[in-house]
Number of protein chains: 2
Amino acid sequence: MKNILFDFISKYISLTEDEKNALISLDLFRTVKKGTVLLKEGQHSNESYFVLKGCIRTYYIIDGEEKTTAFYTEMDALTPHSVINKTPSDFFISCVEDCILSVSNSDMEAEVNSKFPKFELMCRKLSEELLAKERIDFDEFKTSSPEERYLNLLQKRPDLVQRVPQHQLASYLGIKPQSLSRLRARLLEKKS
Amino acid sequence: MKNILFDFISKYISLTEDEKNALISLDLFRTVKKGTVLLKEGQHSNESYFVLKGCIRTYYIIDGEEKTTAFYTEMDALTPHSVINKTPSDFFISCVEDCILSVSNSDMEAEVNSKFPKFELMCRKLSEELLAKERIDFDEFKTSSPEERYLNLLQKRPDLVQRVPQHQLASYLGIKPQSLSRLRARLLEKKS
DNA sequence: CTCATTTCTTAACTTAAGTGAACGGGTTAT
DNA sequence: ATAACCCGTTCACTTAAGTTAAGAAATGAG
């Protein structure tokens with residue numbers, strides 16, 4: 001399990017054994033049951049998550065309806081914007097499947113960053129890369145139709161379509177569950 | 001003009017006079033005419049932009065149509081994702097108005113970052129903050145209708161609706177120019 | 001100033017998403 | 001075993017966005 005984390009980190013910086021041991025001593029790993037809510041709307045939190053195994057999602061409750069906006073799977077990192085902005089959260093985080101997560105909090109991160117300046121560099125590279133990815137995703141979303149978004153998702157994250165309930169996928173694609181159902185039926189008809 | 005840049009930087013770190021002078025000696029400022037294309041699709045570039053005055057936009061050309069996905073105005077910073085990923089650009093950047101920009105390139109940034117580690121910290125904070133903002137914008141986009149997006153834009157960036165051509169705003173809102181025109185007419189009717 | 005181009009609007013028609021309701025399959029709890 | 005619930009699908013209907021086309025208004029270049 002540790003190796004997944006170290007493999008991820010090695011994409012940005014290289015660690016000595018001492019540094020690896022320092023990380024391990026922080027006791028970051030946590031296993032969580034499907035359905036567990038990690039963060040609630042209104043809650044103050046300073047936790048960040050890294051998915052070692054499983055899938056978590058962020059969702060809002062708007063007019064009593066769940067609106068899922070993101071899924072994080074193996075090797076994905078998530079720091080809620082409420083943690084960055086030090087505001088109460090406006091969304092929820094919950095586990096779509098049983099998960100193994102690495103959970104850190106901002107105090108720990110500040111401490112590690114000052115002890116090992118290397119981590120500061122990793123954080124910068126990681127945020128820059130995630131920002132670039134987020135912009136690409138947003139641009140693709142804006143410039144395509146629901147159908148194109150669904151086909152795009154089938155290409156890029158085919159696993160999601162299998163492991164996530166349809167109604168959660170629908171709001172992720174910016175549409176209602178009924179529309180996703182119809183859209184899929186339409187596509188099946190086209191093929192034949 | 002320099003003061004706008006220093007005001008911006010002071011939100012993240014504090015600078016000594018020496019550091020300020022080092023920045024000024026880099027000769028960053030550039031004035032650019034409306035319509036100038038700063039970056040073309042396919043081009044390799046390592047330039048980042050900070051808007052001191054004016055407005056620039058990013059757009060794709062898809063099936064011969066311009067699709068505008070973002071506007072950057074006073075105090076906004078833009079590093080194209082192609083610069084982060086060291087790939088040829090897939091979009092264009094052009095000036096919506098006459099602009100005064102601060103233009104830096106990644107070599108300069110690397111040098112400044114190693115000379116003044118403080119800048120590394122600023123870059124991390126800035127990217128984290130921008131990522132948080134981008135996620136909020138994306139979530140809002142996904143969870144709202146074109147009409148709600150337009151009303152939201154009127155609230156958050158009323159200046160944009162004035163200074164930017166409608167057809168560019170339309171694709172920014174994820175719809176066609178004709179639909180934006182109709183949507184606006186519909187809203188005017190509702191009011192009365 | 002004038003011509004050409006671009007931008008915005010309007011209209012008629014097509015297509016797809018939103019809405020409300022109903023149904024069946026599956027799971028869970030009692 | 002059965003009732004309650006959740007989920008995905010389907011249907012009929014409404015609403016809004018896409019499409020094509022035309023024309024008016026504004027802009028820019030010569």
Side-chain angles (χ1 to χ4, degrees), chain A residues 33-37 55 57 59 61-68 71 92 94-98 141-154 160-192, chain B residues 33-37 55 57 59 61-68 71 92 94-98 141-154 160-192:
Chain A
K33 279 260 160 62
K34 174 176 175 174
T36 308
V37 176
C55 176
R57 69 181 173 116
Y59 62 98
I61 295 187
I62 299 174
D63 300 330
E65 291 218 329
E66 276 191 17
K67 306 270 190 172
T68 299
F71 296 99
F92 298 75
S94 91
C95 299
V96 176
E97 306 170 342
D98 290 347
F141 195 96
K142 274 184 191 161
T143 58
S144 55
S145 64
E147 182 172 318
E148 289 167 331
R149 279 174 223 150
Y150 177 72
L151 291 171
N152 192 25
L153 188 69
L154 279 181
L160 270 195
V161 185
Q162 304 305 323
R163 65 206 283 199
V164 162
Q166 299 289 325
H167 66 281
Q168 290 174 13
L169 268 188
S171 51
Y172 181 66
L173 295 170
I175 57 177
K176 303 282 161 183
Q178 297 95 317
S179 298
L180 176 56
S181 198
R182 180 168 42 196
L183 188 162
R184 284 158 54 95
R186 207 166 58 220
L187 286 175
L188 279 175
E189 215 172 81
K190 272 190 198 168
K191 266 191 204 169
S192 56
Chain B
K33 278 260 162 61
K34 174 175 174 173
T36 308
V37 175
C55 177
R57 70 182 173 115
Y59 62 98
I61 295 187
I62 299 173
D63 300 330
E65 291 217 330
E66 277 190 16
K67 306 268 191 176
T68 299
F71 297 100
F92 298 75
S94 91
C95 298
V96 175
E97 306 169 343
D98 291 346
F141 195 95
K142 273 183 192 162
T143 57
S144 55
S145 65
E147 182 172 318
E148 289 167 332
R149 279 175 223 150
Y150 176 71
L151 291 171
N152 193 24
L153 188 68
L154 279 180
L160 269 194
V161 185
Q162 303 306 321
R163 65 206 284 198
V164 162
Q166 299 290 325
H167 66 280
Q168 291 174 13
L169 269 188
S171 51
Y172 181 66
L173 295 170
I175 57 177
K176 303 281 163 183
Q178 298 91 317
S179 298
L180 177 54
S181 199
R182 180 169 40 196
L183 188 161
R184 284 159 54 94
R186 206 166 58 219
L187 286 175
L188 278 175
E189 216 173 85
K190 272 189 198 170
K191 267 191 203 170
S192 57

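Source: prediction; values computed, not measured. A note on names: the letters A, B, ... follow the listed sequences, proteins ahead of strands, and every chain is numbered from 1.
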Just the rounded figure in Å: distance from [atom2] of [N] to [atom1] of [X].
X        : N      : atom1 : atom2 : answer
B:Gln178 : D:dG18 : CD    : P     : 9 Å
A:Leu188 : D:dT9  : CG    : C1'   : 12 Å
B:Asp63  : D:dT19 : CG    : P     : 10 Å
A:Leu183 : D:dT10 : CG    : P     : 13 Å
A:Ile62  : C:dG18 : CD1   : P     : 14 Å
A:Glu147 : C:dT15 : CD    : P     : 13 Å
B:Lys142 : C:dA17 : NZ    : C1'   : 18 Å
A:Gln162 : D:dG8  : CD    : P     : 13 Å

Think [X] has a side-chain N or O under 4.0 angstrom from the OP1 or OP2 of [N]?
X        : N      : value
A:Ser179 : C:dA17 : no
A:His167 : D:dG8  : yes
B:Lys176 : D:dT20 : no

inquiry  = Tell me the closest heavy-atom pair linking B:Tyr172 and B:Phe141, and the distance in Å.
reply    =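 In this case the closest contact between B:Tyr172 and B:Phe141 is O-CE1, 3.7 Å.
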Smallest separation among heavy atoms of B:Ser171 and B:Glu66, with atom names =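 So the minimum-distance heavy-atom pair works out to OG-O, 4.3 Å.
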Taking the side chain of [X] as its heavy atoms from C-beta onward, which of [options] lies nearest to it?
X        : options                : result
A:Ile175 : D:dA17, D:dA21, C:dG18 : C:dG18
A:Gln166 : C:dT9, C:dT19, D:dT9   : D:dT9
B:Lys34  : D:dA17, C:dG20, D:dG28 : D:dG28

Pairwise distance CG(A:Leu183) to CG(A:Leu173) - rounded to 0.5 angstrom =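 Answer rounded to 0.5 Å: 8.0 Å.
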inquiry  = For a quick check of understanding: with a heavy-atom distance under 4.0 Å over all strands, which category does B:Pro177 fall into, base, sugar-phosphate or nothing?
reply    =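 Touches nothing.
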request  = May I ask you to decide if B:Lys34's main-chain N or O and B:Asp98's side chain share a donor-acceptor pair within less than 3.5 Å?
outcome  =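 Here the side-chain-to-backbone pair exists.
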request  = Using only heavy-atom distances, decide whether a donor-acceptor pair under 3.5 angstrom links the side-chain of A:Arg184 to the base of D:dG8.
outcome  =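 Answer no: no donor N or O sits under 3.5 Å from an acceptor.
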ask   = With distance as the sole criterion, do the side chain of A:Arg182 and the base of D:dG8 form a donor-acceptor contact below 3.5 Å?
value =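 Answer no: no donor N or O sits under 3.5 Å from an acceptor.
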inquiry  = Within the structure provided, determine whether A:Val161 and A:Arg184 are in side-chain contact (heavy-atom separation under 4.5 Å).
reply    =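 Heavy-atom side-chain distance check passes, below 4.5 Å.
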